[in-house]
Amino acid sequence: MSMSMADEAEDAILAYLKDNDEISNSANFAQDLGFSHDDIVNVIRRLHGFRLVDAKDIRRERWVLTEEGKTYAAVGSPEFQLFSAVPSEGIAREDLQKKLDPAVYKIGCQQAIKNKWVEMAKTHVSKKVQHADDKVKNLLLRIQNDEAVNQEDIDALKRRKLIIQQVWKGNSVRKGPEYAPKRKRAATDLTRENLQRGDWKELEFKEYNFSAKGQPVEGGHLHPLLKVRRQVQTIFLNMGFEEMPTNNYVESSFWNFDALFQPQQHPARDSHDTFFLKVPSSTKMLPEDYVERVKEIHESGGYQSRGYGYDWKREEANKNLLRTHTTAVSSRMLYALAQKPFAPKKYYSIDRVFRNEAVDRTHLAEFHQIEGLICDRGLTLGDLIGVLHDFFSRLGMSKLRFKPAYNPYTEPSMEIFSYHEGFKKWVEVGNSGMFRPEMLLPMGLPEDVRVIAWGLSLERPTMILYGIDNIRDLFGPKVDLGLIKRNPICRLGL
Ligand code: FB9
């Protein structure tokens, strides 16, 4: 709304009240002076705020015709149209039907019979009265001209959806305690022109409102997932872990599965669970000597393992896919570690993994996996349980329980449960295990080196911390940006 229109409206109202006690109806006032009623109401509200005027809310209800009502007011009610279409000698039903619009015929019949205007025999229609008065049309016209109509008729027309109630809100306005024919606009700025014109002496300057909120400064907003990621990252760094490079969503089946001693016929390796790439469909480069040892361990075992005893196919290992877990990065890093004189390592990764799963409230086709691993001589399951207590207590989960589980690449394996005070129940918070020798030894790691590892998702803790019920509100095309903007930092753990 341009400033001038508002000022014009303001001046019009104040000027009118100079010579008149009251503006009885803001709508008529607007209409008479050619302003839109909304503009006038906004200006009245402002002047009322400055106490220049005293405005009272007034409310008017009136009946207006629906489109159907307007039609009948124009061409007559259906029953009257039907009655008029029946010649004095009567008419065959189907002929009458042809003369009228189907809706008019249908309603017309009901009403004309009700009004005992016509006789509708099986095939013949005849008049029961010579003259009928189109009361409905007359009532509709009276309502159109704002003439009074009794309640009973109103209800009948309302039932026939020919009229609806329109509520109109407006104001009546009188002079206010601070009334003046012209509002002295307090200057909000001392401009060069004021100084040049010297009119600054007369000017009244608006009070500074030091508690006025400044323009909200729009800034970037960290996605809740990234806020929790940063907290988990800090926990790992505080525990002396190094981040693994996870900047390759595309992986070969070899590092994602074979290197982890996951057999080639394992159900997770078919396209129902895994996104395989059409282009580039197969990997170009693998460490040949190591591949030989992996083939060996799968086909006929070694290192006291009898292996899987199946015919291992290189082309299967070459297939490119979207990694299904960041454990694929762990296998690369452990292999790299084995190519150097052994040194203990603590590694972690937090990045996207992709699984061809049905999407539901807690599952998308991609999520962020958090993984930690410790590689050192003589590590035991006790060390794993110990580090899990340390890690999860920093996430605020001190009460843990472990349930034996199975993963192709760890033995023993454990699902991790934490007692959630809020939900008053045990929640599955992750999975873990000791990487199998069939995975580690072909890499070239020393006999006595053990690797304990665990994993969980980033989405689940974020959903619980931010009270997000549906993962689609948190991540993906249907994210609620408001949630991203509004979300506070939720402190994990302590
Ligand atoms: O995150 C999971 N749960 C969880 C984690 C934290 C949490 O915090 C709350 C604030 C309190 C709440 C819940 N889960 C793992 C458990 C379940 O949600 C599970 O149903 C879904 N899992 C995902 C896989 O779904 C197919 C979560 C994801 C998961 C599971 C296993 C691993 C990683 C992610 C792993 C592993 C692993 C095992 C051994 C060696 C190396 C890695």
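All ligand and atom numbering here is 1-based and tracks the order in the structure.
- Among F261, Y290, Y335, the single residue meeting the ring pair (Phe, Tyr, Trp, His ring centres under 6.0 Å) criterion with F254 is Y290.
- For Y249 and F275, the ring centers sit 6.0 Å or farther from each other.
- Residue-level proximity to ligand 1 for S432 is carried by the backbone, the only part with a heavy atom below 4.0 angstrom.
- Every atom of ligand 1 is numbered from 1 in the order shown, and the set under 4.0 Å from a heavy atom of R355 is 24 (C), 25 (O), 26 (C).
- Considering backbone and side-chain N/O atoms, H420 never comes within less than 3.5 Å of an N/O atom of ligand 1.
- The heavy atom nearest to atom 16 (C) of ligand 1, out of those in M463, E428, E357, is found in E428.
- Proximity of I464 to ligand 1, defined as any heavy-atom pair under 4.0 Å, is confined to the side chain (atoms from C-beta onward).
- Considering only heavy atoms from C-beta on, Y419 comes within 4.5 Å of K424 through its side chain.
- Compare M414, M397, M434 by their heavy atoms: the one nearest to atom 11 (C) of ligand 1 is in M397.
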Would R323 and D351 count as a salt bridge (Lys or Arg N to Asp or Glu O under 4.0 Å) if you check the C-alpha gap in whole Å, the side-chain angles of each, and the deciding distance to 0.1 Å?
CA-CA 10 Å; R323 64 173 176 225; D351 210 330; 3.6 Å; yes

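- Contact check for H298 versus Y308: side-chain heavy atoms found under the 4.5 Å cut-off.
- Short contacts between ligand 1 and E371, defined as distances under 4.0 Å to a heavy atom of the residue, involve ligand atoms 41 (C), 42 (C).
- Using cut-offs of 30° and 60° on the angle between ring planes, the pair F236 and W454 is parallel.
- Every atom of ligand 1 is numbered from 1 in the order shown, and the set under 4.0 Å from a heavy atom of A453 is 40 (C), 41 (C).
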